[in-house]
Amino acid sequence: MLDPKLLRNDLQNCAERLARRGYTLDTALFEKLESQRKQLQVDTQQLQSERNAKSKAIGQAKAKGEDAAEFFAAVSALGDRLKANEEKLVQVQRELNDLLMSLPNLLHESVPDGRDEEDNLEIRRWGEPRKFDFEVRDHVDLGEATGLLDFETAVKITGSRFAVMSGGIARLHRALIQFMLDLHSQEHGYTETCVPYIVNADSLRGTGQLPKFEDDLFKLRHEHDLYLIPTAEVPVTNIVRDVIVDHNDMPRKFVCHTPCFRSEAGSYGKDTRGMIRQHQFEKVEMVQIVRPQDSYAALEELTAHAEEVLKRLQLPYRVVTLCAGDVGFSSAKTYDLEVWLPGQQAYREISSCSNFEDFQARRMKARWRNPDTAKPELVHTVNGSGLAIGRTLVAVLENYQNEDGSIMVPEVLKSYMDSRRSIQ
RNA sequence: GGAGAGAUGGCUGAGCGGUUGAAAGCACUGGUCUUGAAAACCAGCAUGGGUUUAUAGCCCAUCCAGGGUUCGAAUCCCUGUCUCUCCGCCA
């Protein structure tokens, strides 16, 4: 959520900054609701103040044993007006809050202009795509060749956009999870965390998936509003919801492996082949809770942590800064890591690292006590995938393939794979 | 699933329907004392919002959440959520 005070004091500027994203802020509506709110709130509080004063006088009169009858009528008369005012105020505040909750974050000034992913800015590349002296296969063909990746059976069990892995590929999949958790927890200073995969609506509002993106979620049939998590970001970041974090504990750094569930509504016909876009996939996520002044350094650090995974796996990748039109709803700035996929002859997203500044923190009331002011202030939240397991698996299969369809095991994974050298 | 008990400030924990935003303790901050520290003593110390140039004042709200009773609710009533104890079931 944006700072309501900023919107009130500098509405035009906010509207211009939101326009960079392609978002049109209805300034007239905001101003109308805001002026109504102001009038109603001032009036209501004035009436409350009168009521309090008179009720207090009754109490004092009674304490002295005096007759308080004369006050009674005066206070009763206030009652109806007060109630009517309060009801209107609540209504306007609700409308204002709905509007506020639907506004995306303001972008950091370093975010490049642009409309969509075509305009994203590549900032660096690492690794040379391997030259193959045979015709490369994509991961679907490789999975078929080894018989260890089965989409048809998954369709029978559940439906489209699921996969069944077995044998060496299932093992490789698990090895990737272990490797990433170990790297981030042992070398990058993150606390390994295990969280619920089902969350309530408050948590989803906190990180920004609700109220706008309910269609992207799997909602459970249950007496309460519960959802499968679309990313570990939701449960992990909400650890600090309604919490005042001790400044000595900052930054808090969490690494967490979870499955992720996404309905992929609106991506019909997109990436229908293979494991790139599934309703269920595993991900290792990094989340940092930091002081505001540290959040951009944290974003660089966390992005480097994600890159380190690709470097150790010897997978070529590039880093792009998302342009204004492509940055997600809650983010102020996002770097995407894109891994080289020989089967597609393209770089494909494998990690997304974002600084949300105080946008999520304001929704979550996640704060820290600033020792300089002694006041609770909003934290900044930063997170990123480190990495998406399914897509990393795809990248390993395609980059490490042999002519006979077997797969070499990356050096860093051998210790997680009983020293196996290849999968076939 | 059944039966009880409970939810109060950063934490622990008092609180006959009427100056209670809330005792006390801990923690924290400042001060006195001390060569320094500790101890002791003194003082301060909730959050959100409105108004405002203002982190000054003034005002409003907040004792799990939402309703209700009342001139007035932390305190009474209803509903929900969560926690704890016992029983049942269970990986």
Side-chain angles (χ1 to χ4, degrees), chain A residues 1-11 30-31 33-101 194-206 220 222-227 235 238-250 252 289 291-292 358 361-379:
Chain A
M1 198 165 90
L2 301 183
D3 184 356
K5 282 185 183 149
L6 187 64
L7 281 160
R8 266 176 233 153
N9 297 336
D10 208 356
L11 185 61
F30 180 84
E31 280 176 331
L33 289 171
E34 176 55 22
S35 75
Q36 285 177 349
R37 188 226 95 228
K38 193 173 199 167
Q39 189 61 50
L40 285 165
Q41 187 163 346
V42 169
D43 289 352
T44 301
Q45 292 186 351
Q46 174 63 32
L47 289 168
Q48 286 171 329
S49 179
E50 284 176 37
R51 180 204 58 195
N52 291 348
K54 285 174 179 157
S55 291
K56 202 170 266 184
I58 292 173
Q60 284 169 337
K62 284 202 161 180
K64 290 183 207 153
E66 294 168 6
D67 180 22
E70 57 173 308
F71 294 109
F72 272 56
V75 192
S76 303
L78 284 175
D80 290 343
R81 277 171 62 208
L82 181 55
K83 192 157 193 172
N85 256 297
E86 279 173 340
E87 279 167 13
K88 278 189 238 162
L89 177 61
V90 165
Q91 176 59 29
V92 169
Q93 278 175 329
R94 187 174 296 141
E95 286 176 46
L96 206 47
N97 189 53
D98 288 349
L99 176 59
L100 244 32
M101 288 292 278
C194 190
V195 295
Y197 305 151
I198 295 173
V199 292
N200 59 34
D202 282 341
S203 292
L204 288 157
R205 273 190 285 271
L220 301 182
H222 187 268
E223 57 174 321
H224 302 298
D225 285 349
L226 296 177
Y227 302 80
N238 274 279
I239 288 173
V240 295
R241 170 150 58 88
D242 294 319
V243 168
I244 299 175
V245 182
D246 191 305
H247 72 272
N248 292 312
D249 291 340
M250 298 178 75
R252 294 195 73 177
I289 310 299
R291 305 186 303 174
D358 62 14
R362 184 170 290 106
R363 289 169 165 243
M364 289 192 301
K365 294 187 188 62
R367 298 173 295 174
W368 68 299
R369 197 172 289 276
N370 184 343
D372 295 335
T373 61
K375 290 284 174 194
E377 296 172 14
L378 296 171
V379 301

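Residue numbering restarts at 1 for every chain, and letters A, B, ... go by the order of the sequence lines. As a basis for the values below, the full set of heavy atoms in this structure was taken, side chains included, without hydrogen atoms, waters or symmetry mates. The structure displayed is predicted, hence computed values, not measured ones.
Here B/G50 presents its P atom at 14 Å from CD of A/Q48, a figure rounded to the nearest Å.
Judged by Watson-Crick or G-U wobble contacts below 3.5 Å, the nucleotide B/U34 has no partner. Pairing partner, B/C89: none, since no Watson-Crick or wobble contact has both distances short of 3.5 Å. B/A74 is unpaired under the Watson-Crick or G-U wobble criterion, no partner having all donor-acceptor distances under 3.5 Å. Within the shown strands, B/G50 is the pairing partner of B/C58 under the Watson-Crick or G-U definition, both distances less than 3.5 Å. Pairing for B/C28 is with B/G44, a Watson-Crick or G-U wobble pair whose two hydrogen-bonding atom distances lie under 3.5 Å. Nucleotide B/A22: unpaired (no Watson-Crick or G-U wobble partner with both distances less than 3.5 Å). When both distances must be under 3.5 Å, the Watson-Crick or G-U wobble mate of B/U69 does not exist. Using Watson-Crick or G-U wobble geometry with both donor-acceptor distances under 3.5 Å, B/U83 finds its partner in B/A5.
Out of B/U47, B/A61, B/C71, the shortest distance to the side chain of A/R51 is found at B/A61. Closest to the side chain of A/R37, out of B/U47, B/G50, B/G72, is B/G50. Checking B/C71, B/U47, B/G50 against the side-chain heavy atoms of A/R8 singles out B/G50 as nearest. Each of B/G49, B/A61, B/U51 was ranked by its minimum atom distance to the side chain of A/V42; first place goes to B/U51. Taking every side-chain heavy atom of A/H224 into account, B/U81 is the closest of B/U81, B/C71, B/A61. Counting only heavy atoms from C-beta on, A/E223 has its side chain closest to B/U81 among B/U81, B/G50, B/G18. Taking every side-chain heavy atom of A/Q45 into account, B/C60 is the closest of B/G68, B/A61, B/C60.
The pair A/K83-A/E86 does not count as a salt bridge, with every side-chain nitrogen at least 4.0 angstrom from each carboxylate oxygen.
For the pair A/M101 and A/R205, the minimum side-chain heavy-atom distance is below 4.5 Å.
Using a 4.0 Å heavy-atom cutoff across all strands shown, A/D246 reaches no nucleic acid atom at all. Looking at heavy-atom distances under 4.0 Å, A/K38 makes contact with sugar-phosphate atoms alone, never a base.
Side-chain polar atoms of A/D246 and A/N248 form a donor-acceptor pair below 3.5 angstrom. Under 3.5 Å, the side chains of A/N52 and A/S55 contain no donor-acceptor pair of N or O atoms.
Between the side chain of A/R362 and the main chain of A/M1, a donor-acceptor pair closer than 3.5 Å is present. Judged by distance alone, the side chain of A/D358 and the main-chain N or O of A/L378 form no donor-acceptor pair under 3.5 Å.
In the interface, the side chain of A/Q41 is not paired with the base of B/G49 through any donor and acceptor atom under 3.5 Å apart.
Each of A/N52 and A/E377 has a nearest nucleotide on RNA chain B; the 5'-most of these lies closest to A/E377. Residue whose closest nucleotide on RNA chain B sits further toward the 5' end, between A/S49 and A/G59: A/G59.
For the P atoms, the distance linking B/C63 with B/U8 amounts to 12 Å, nearest Å. With P as the reference atom, B/C89 and B/A73 are 48 Å apart, rounded to whole Å.
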